[in-house]
Amino acid sequence: WFRDHPDSKHYWRELTPEEKKRLFPEKPKRKPLCTIPDEYVKRSVRPDKQSHLMEYLSRIIDPLVLEGLILEYRIGVTKAKETIFFQIDKDGRCRTGKVMKYNPVTGRRIKDEKTPSKITWVHSLLKKQVVLKQDWELTQCLFGEHLLSEYPDSKVALV
């Protein structure tokens, strides 16, 4: 514009460093994304060892279908038969896992306040075990996000 209008140059002046900082602030540097090592996901996704929720579901869903769902959604199980819903992003990185207790007879989530650790998170457990650093920071994604690229034409419901 100034090349085409040389007589207008007197309206233009160089910005001071303070003005540049104020008008064009530096973008804050992003922290590196914290993730859970994949070995913990692989170790806990075990169709051969069912959580209490999967025990219940195996009575109403074909066992082969249930096994496929466990593997596809990468649903894990703890030693105490709790269900782990891993949050795996579109790039296959595990952000965390929500560990939940279910009643094996009714299939309902245990919400009793007297029940210890009815809901916990994989990253919290790994921090306590000093597997993850204390400054490890959670950045959540949607449960099942890793399936979006595999099924690009499917409908998605958020609940």
Side-chain heavy-atom pair Tyr102, Arg108 within 4.5 angstrom cut-off: no
Value rounded to 0.5 Å, distance of [atom1] in [X] from [atom2] in [Y]:
| X | Y | atom1 | atom2 | answer |
| --- | --- | --- | --- | --- |
| Glu82 | Ser44 | CD | OG | 11.5 Å |
| Ser124 | Trp136 | OG | CH2 | 8.5 Å |
| Gln50 | Ile75 | CD | CD1 | 11.5 Å |
| Ile84 | Thr120 | CD1 | OG1 | 10.0 Å |
| Ile119 | Lys98 | CD1 | NZ | 5.0 Å |

Residues that Lys21 engages under side chain to side chain contact (heavy atoms under 4.5 Å, CB included), provided they are two or more places apart: none
Identify all side-chain donor-acceptor contacts of residues 142-157 below 3.5 Å with residues at least two apart in sequence or on another chain.
from	atom 1	to	atom 2	distance (Å)
Glu145	OE1	Leu142	N	3.4
Glu145	OE2	Lys90	N	3.0
His146	NE2	Glu72	O	2.9
Tyr151	OH	Glu72	OE2	2.2

ILVMFWY cluster, Trp121 and Val45 together (side-chain gap under 4.5 Å): no
Hphob cluster co-occupancy, Val77 + Ile88, side-chain heavy atoms under 4.5 angstrom: no
Residue Tyr73 excluded, over 12 heavy atoms near OH under 6.0 Å: no
Residue pair Leu15 / Glu19: nearest heavy atoms and the distance that separates them: CA-OE1, 3.5 Å
Side-chain donor/acceptor of Gln87 to backbone N/O of Cys141, under 3.5 Å: yes
Test side-chain hydrogen bond (donor to acceptor under 3.5 Å, both in side chains) applied to Asp91 - qualifying residues, sequence neighbours left out: Arg93
Could you tabulate the donor-acceptor pairs under 3.5 Å formed by side-chain atoms of residues 59-71, not counting sequence neighbours?
from	atom 1	to	atom 2	distance (Å)
Arg59	NH2	Pro104	O	2.3
Asp62	OD1	Leu64	N	2.8
Asp62	OD1	Val65	N	3.3

Throw together a table of side-chain donor-acceptor distances under 3.5 angstrom for residues 22-40, partners on residues two or more places apart or in other chains.
from	atom 1	to	atom 2	distance (Å)
Lys31	NZ	Glu137	OE1	3.0
Asp38	OD1	Arg74	NH2	3.1
Glu39	OE2	Arg43	NH2	3.3

Residues which pass salt bridge (Lys or Arg N to Asp or Glu O under 4.0 Å) with Lys127, listed by chain and number, not counting sequence neighbours: none
Qualifying salt bridge (charged side-chain N to carboxylate O under 4.0 Å, His left out) pairs, either residue in residues 46-56, two or more places apart: Arg46-Asp48, Glu55-Lys81
